[in-house]
Amino acid sequence: MGLGMAGNLARLLKSQQAPASLARKELFVYNRTASKAQPLTSDPDLSIQLAASPAEVAASCSIMCLMLADDVACDSMLQQLQQCDLQGKVIVNHSTNTPEFAMAAVAQLRGKGCEYIAAPVWGRPDAAAAARLIVVPAGPAEAVARVQPFLAAHGRLLPTQDAAHKANAMKLIGNFTLFGFVETMCEALTLADKNSIPREDMLAFVDAFFPAPSIQGYARRIASESLDAGAGFTVDLALKDVRYMRQLAEMRRCPLRVADLVFNSLLAASANGYGLKDVGAMFLTSQQAAGILPPGKHLDEEQEERS
């Protein structure tokens with residue numbers, strides 16, 4: 001979980017909207033790299049406690065929220081938490097996981113008397129900080145209602161799904177849609193460059209036909225080649241998501257031809273050294289394929305600037 005989402009929860013707990021049923025209204029955070037939590041724990045207005053281990057979080061909290069990179073990292077965390085007393089607690093997982101992971105987690109935690117809610121989110125760090133994320137919650141209705149104020153603290157809630165794995169499927173399907181747009185925009189801007197059409201004019205087209213902030217934001221980052229991922233979504237992380245969506249499609253016997261295109265574009269971007277760049281770095285490989293850029297051009301420029 002990033003600083004934006006953790007800050008949202010801390011502010012909720014200090015506000016009049018904090019659920020009255022909570023015995024304690026404190027936020028405990030844990031990160032394997034404690035320094036990453038320092039901006040939160042050092043803010044006196046948030047009153048956030050830094051936990052030394054997942055076990056301390058489990059002992060201190062009735063509701064636990066996870067945000068980790070993939071199924072493997074989430075499984076490792078759940079294995080640690082299952083060594084603790086989880087009776088009557090709720091685990092909310094905001095990570096992008098496979099549906100199969102969610103089904104296994106539900107079964108494991110049920111035996112510990114713990115409810116599992118999947119609540120993956122869409123949105124970049126700036127959207128998280130402004131509480132403008134999009135959240136899709138899923139799980140038992142009573143447990144979802146119990147954590148609803150904490151989900152709503154992050155932004156807009158989509159319709160609740162009745163089983164945790166459905167939220168993960170929905171997140172992958174949503175990312176499939178977004179990645180398809182990024183692929184299309186990369187190729188469209190490259191074709192516009194080849195025809196001497198200003199990128200700003202293509203952005204005007206996007207604004208006219210796709211009046212959504214996330215779509216417009218992606219288009220502008222690609223057009224301006226603002227591809228420093230920062231705390232955002234990297235090429236290598238996107239590759240993981242596309243692997244998950246292709247796995248889901250294969251299991252359901254549902255061809256995803258666009259996902260295959262996106263996978264190869266991301267793979268090419270990673271092979272060219274752009275793995276830690278923003279997902280829009282697919283644009284650079286599109287430009288290379290069209291003969292506009294030589295491979296690695298932007299990396300060479302950055303290395304020269306640092307030398």
Looking only at heavy atoms, what is the nearest atom pair of Tyr116 and Pro140, with distance?
->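 So the minimum-distance heavy-atom pair works out to O-CD, 4.0 Å.
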
Quick one: closest heavy-atom pair of Val279 and Val235, and the distance?
->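 In this case the closest contact between Val279 and Val235 is CA-CG2, 4.0 Å.
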
Should the pair Arg220-Asp207 be classified as a salt bridge under the 4.0 Å nitrogen-to-oxygen rule?
->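 Counted as a salt bridge, because a side-chain N and a carboxylate O are separated by less than 4.0 Å.
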
I'd like to know if the side chain of [X] pairs up with that of [Y] as donor and acceptor (distance under 3.5 Å, no hydrogens or angles considered).
X	Y	answer
Ser226	Ser224	yes
Asn264	Asp260	no
Thr96	Lys171	yes
Asp236	Thr234	no
Glu187	Ser286	no

Aromatic contact, Tyr218 with Phe210 (centres under 6.0 Å) =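 Centroid distance Tyr218-Phe210: not below 6.0 Å, so no.
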
Find out whether [X] and [Y] are in side-chain contact, i.e. whether some heavy atom of one side chain is under 4.5 Å from a heavy atom of the other.
X	Y	value
Asn97	Asp70	no
Thr190	Phe283	yes
Thr160	Gln148	no
Phe101	Tyr244	no
Leu86	Leu109	yes
Lys89	Ile63	no
Leu46	Arg11	yes

Passes side chain to side chain contact (heavy atoms under 4.5 Å, CB included), Glu183 versus Met282? Steps please.
-> CA-CA 7 Å; Glu183 170 75 27; Met282 288 192 292; 3.8 Å; yes

For Lys240, does the NZ atom sit with more than 12 other heavy atoms under 6.0 Å from it, leaving out its own atoms?
->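 Correct, the count exceeds 12.
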
Verify the neighbour count for atom CD of Glu250: are there more than 12 heavy atoms of other residues, nucleotides or ligands below 6.0 Å?
->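 Not buried by this count: 12 neighbours or fewer within 6.0 Å.
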
For Asp278 and Arg124, run salt bridge (Lys or Arg N to Asp or Glu O under 4.0 Å): C-alpha distance rounded to whole Å, both residues' side-chain angles, the deciding distance at 0.1 Å, then the answer.
-> CA-CA 11 Å; Asp278 184 86; Arg124 293 175 63 84; 2.9 Å; yes

I would like to know whether Asp193 and Arg199 meet salt bridge (Lys or Arg N to Asp or Glu O under 4.0 Å); could you show each step before the answer?
-> CA-CA 7 Å; Asp193 284 354; Arg199 293 181 186 179; 2.7 Å; yes

Please confirm whether Arg243 makes a cation-pi placement over Phe263, using NZ or CZ under 6.0 Å from the six-membered ring centre and within 45° of the ring normal.
->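 The answer is no; the distance or angle limit is not met.
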
